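Note that the coordinates shown come from a computational prediction; the quantities given were computed from them, not determined experimentally. Only this structure's heavy atoms are used, side chains among them; waters, hydrogens and symmetry mates stay out.
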Amino acid sequence: MADADTLKAEILKAVAEAGDLDALEQVRIAALGRKGSLTEAMKGLGGLAPDERRAAGQALNAAKDAVAGAIEARKAALGRARLDSRLAAERVDVTLPARLRPAGTIHPISQVMDELQAIFADMGFTVAEGPDIEDDFHNFTALNIPEAHPARQMHDTFYLPPAADGRTMLLRTHTSPVQIRTMMATPPPHRIIAPGRTYRCDSDITHTPMFHQVEGLVIDRATHMGHLKGCLEDLCRTFFEVDDLPLRFRPSYFPFTEPSCEVDIGCSRADGELKIGAGEGWLEILGAGMVHPNVLVNCGLDPDHWQGFAFGMGVERVAMLKYGIPDLRTFFESDLRWLRHYGFACLDQPSLAYGLAR
Ligand code: DAH
C-alpha cells in the first residue's frame, strides 16, 4: 500500500512542478505510459497472493485515477496560462496611427472624361465605343470625306501596313467614326457620346500624336440647330461651372455637317491670368453642326425622315482650360510630381448620384 501512496505522492509532485505542457507530457509518459511507473506497478500485481493483490490493485487504481485527474487539471491550467501570455504579447494597439500606403491619383484626362460622361448621362445620352484601329470607310468616306478630299490631308493620318486582304487600316484621326458605327448598327433615334483615343502624326507644343476626343450624336425626327445650341450651352456651363458663361456659335466647315459651326466660350485675360467666363476674349472649344444628309444616306437613313446634330471636342484642351494645366505634352510624361499635383483623389469622382459638386 505504501508503494502505491508513495508513487502517487511522487507523481502528483512532478505534475504540480511541470512548468509547461511539454514537461507535463513527459511526467504523464513516465507515470502512465507503456513503461511508466504506475503501469509497471500494475503489471507487478500478478506476482502477489490473491488477497494482497486485491487491496494493492484498489490502491493502484485509485492512485492512477488521482494522477490522471491531476494531469488533466494541470493541463487545463497550463493551456490557460499559455493563452493568457499570448493574448498579452500579441495585443493589438488600436490607438496606433495607421500606416498609410501611397495612394495613386486619377489622371486629369480620366477625370474630365468622367465629368463629361456624367453631364451627358444627365441629359439622357449613352456611351458608345468604336475601335482605335479603323478602316478608311468609317474614318473618312462615310463621313463625306471622299478619296481626293483635301480634309484627308489635314488629318495627318497614321496608316498601318496593308493587311492580307488588301485593306489599309489606320489609327482613327477622330472619334467621328463612332457616329457611323452607331447609325449603321441600330435604328434611330440616337443620343450617344463616344469618348476615346484619337491619333494624328503631329507633335509640337499644342499637339501630341495621341490625344482624346468626345464625340456626340443626336438623331431624331425633328432635332434642329436650337437643340444643338441648348445642349452645348448646358454642357459648357455645367462643365466649367459658370452659370452665365457666354457662348459664341461661329460658322465653320466640316465635311460631315451642314451647316457647321465652332463653339467659343467667353474668357478674360486680366493680368495675364486666363479666366473662363464673361470677358473680352473667346476660346474655341469644340466643333459641331447638323449631320450632313450624305452621311445619313451613307448609313442607310433617309434624310427626309431623320435629322440631327453632332459635335466633337478635344478632352485635353478642355481639361487644360478647366484645371489650368499649361502644357499639353505633360499629360503623357507620367511624371509622378505632375500626377500628384494635377491628379484627383478617387473620392473626387463625379457621379450622377452626387452631381459634379466637389
Ligand atoms: N471630327 C472633328 C475633328 O476631329 C470634330 C467634329 C466637328 C466632330 C464637328 C463632329 C462635328 O461631330 O460635328 O476635328
Side-chain angles (χ1 to χ4, degrees), residues 107-110 112-113 116 128-184 193-217 250-264 282-289 291-292 294-295 298-299 310-321 325-334:
H107 194 283
I109 294 289
S110 307
V112 165
M113 293 266 221
L116 293 171
E129 289 186 310
D132 287 19
I133 297 177
E134 263 297 2
D135 54 28
D136 186 276
F137 174 77
H138 292 91
N139 197 76
F140 292 123
T141 310
L143 285 160
N144 200 32
I145 316 175
E147 199 106 0
H149 199 286
R152 290 219 181 184
Q153 272 77 61
M154 281 162 48
H155 276 214
D156 301 310
T157 313
F158 283 114
Y159 286 96
L160 275 71
D165 61 6
R167 279 202 308 166
T168 301
M169 303 298 279
L170 48 88
L171 295 181
R172 66 178 178 191
T173 57
H174 49 180
T175 39
S176 303
V178 184
Q179 281 186 33
I180 304 299
R181 293 186 173 276
T182 302
M183 286 190 277
M184 294 184 80
I193 55 163
R197 275 188 283 269
T198 49
Y199 308 82
R200 289 184 202 177
C201 186
D202 210 352
S203 186
D204 57 39
I205 312 182
T206 52
H207 298 90
T208 50
M210 189 276 298
F211 57 105
H212 298 79
Q213 289 188 339
V214 171
E215 183 83 11
L217 174 73
R250 200 164 24 79
S252 184
Y253 171 77
F254 299 103
F256 30 87
T257 44
E258 182 58 38
S260 305
C261 62
E262 272 164 310
V263 180
D264 302 337
W282 295 100
L283 286 165
E284 177 195 322
I285 61 153
L286 55 82
V291 177
H292 198 293
N294 289 354
V295 174
N298 290 341
C299 298
F311 56 87
M313 66 197 291
V315 177
E316 284 78 1
R317 181 161 172 78
V318 293
M320 288 167 80
L321 290 174
I325 304 173
D327 186 341
L328 170 68
R329 290 170 299 187
T330 54
F331 277 87
F332 308 114
E333 282 172 355
S334 302

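The two atoms that bring I325 and A319 nearest to each other are CD1-O, 4.3 Å, heavy atoms only. The two residues M113 and G196 have their closest heavy-atom pair at CE-N, 3.9 Å. Here the closest heavy-atom approach between residue P177 and residue R172 is recorded as CG-CB, 4.3 Å. The nearest pair of heavy atoms linking G130 to V178 is N-CG2, 3.8 Å. Minimum interatomic distance between A142 and N298 (heavy atoms only, all atoms of both residues): O-ND2, 3.0 Å. P195 approaches A128 most closely through the heavy-atom pair CD-O, 3.8 Å.
D204 meets the salt bridge (charged side-chain N to carboxylate O under 4.0 Å, His left out) test with no other residue; sequence neighbours excluded.
R181 places a side-chain heavy atom less than 4.5 Å from the side chain of H138. Contact annotation: the side chain of V315 approaches that of V214 to within less than 4.5 Å [non-hydrogen atoms, C-beta and beyond]. Residues D136 and T168 are not in side-chain contact: their nearest non-hydrogen atoms beyond the backbone lie 4.5 Å or more apart. Between D156 and H207, the closest side-chain pair of non-hydrogen atoms is not below 4.5 Å. Between Q179 and T182 there is no side-chain heavy-atom pair separated by less than 4.5 Å. Side-chain contact between I133 and L160 is present, with at least one heavy-atom pair separated by less than 4.5 Å.
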Audit row: T257, H292, side-chain contact (heavy atoms from CB on, under 4.5 Å) steps and yes/no: CA-CA 4 Å; T257 44; H292 198 293; 5.7 Å; no

Check the pair I180, V295 against side-chain contact (heavy atoms from CB on, under 4.5 Å), reporting the backbone distance first and the verdict last. CA-CA 8 Å; I180 304 299; V295 174; 3.8 Å; yes

Please evaluate residues L283 and L321 with respect to the criterion side-chain contact (heavy atoms from CB on, under 4.5 Å), reporting the C-alpha separation (whole Å), side-chain torsions for both, the decisive distance (0.1 Å), and the verdict. CA-CA 9 Å; L283 286 165; L321 290 174; 3.6 Å; yes

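Distance check, rounded to the nearest 0.5 Å: OG1 of T175 to CG of D132 gives 10.5 Å. Atom OG of S252 sits about 11.0 Å away from atom CG of L286, to the nearest 0.5 Å. Remark: F254 CZ to C261 SG distance equals 8.0 Å, nearest 0.5 Å. For the atom pair CZ of R250 and CG of D264, the computed distance is 4.0 Å after rounding to the nearest 0.5 Å. Distance OH/Y253 to CD/E258: 8.5 Å, rounded to 0.5 Å. Note that CD1 of I145 and CG of N139 are 7.0 Å apart. Values are rounded to the nearest 0.5 Å.
With H212 as reference, R197 is the one residue of R317, M313, R197 to meet the side chain to side chain contact (heavy atoms under 4.5 Å, CB included) rule. Screening F140, Y199, F158 for a side chain to side chain contact (heavy atoms under 4.5 Å, CB included) with T173, the sole residue that qualifies is F140.
Counted within 6.0 Å of CD on E284, heavy atoms from surrounding residues, nucleotides or ligands total more than 12; the atom is thus considered enclosed.
Here H174 and F256 bring their ring centres to under 6.0 angstrom of each other.
Below 30°, between 30° and 60°, or above 60°: for H107 and F331 the angle between ring planes is between 30° and 60°, a tilted geometry.
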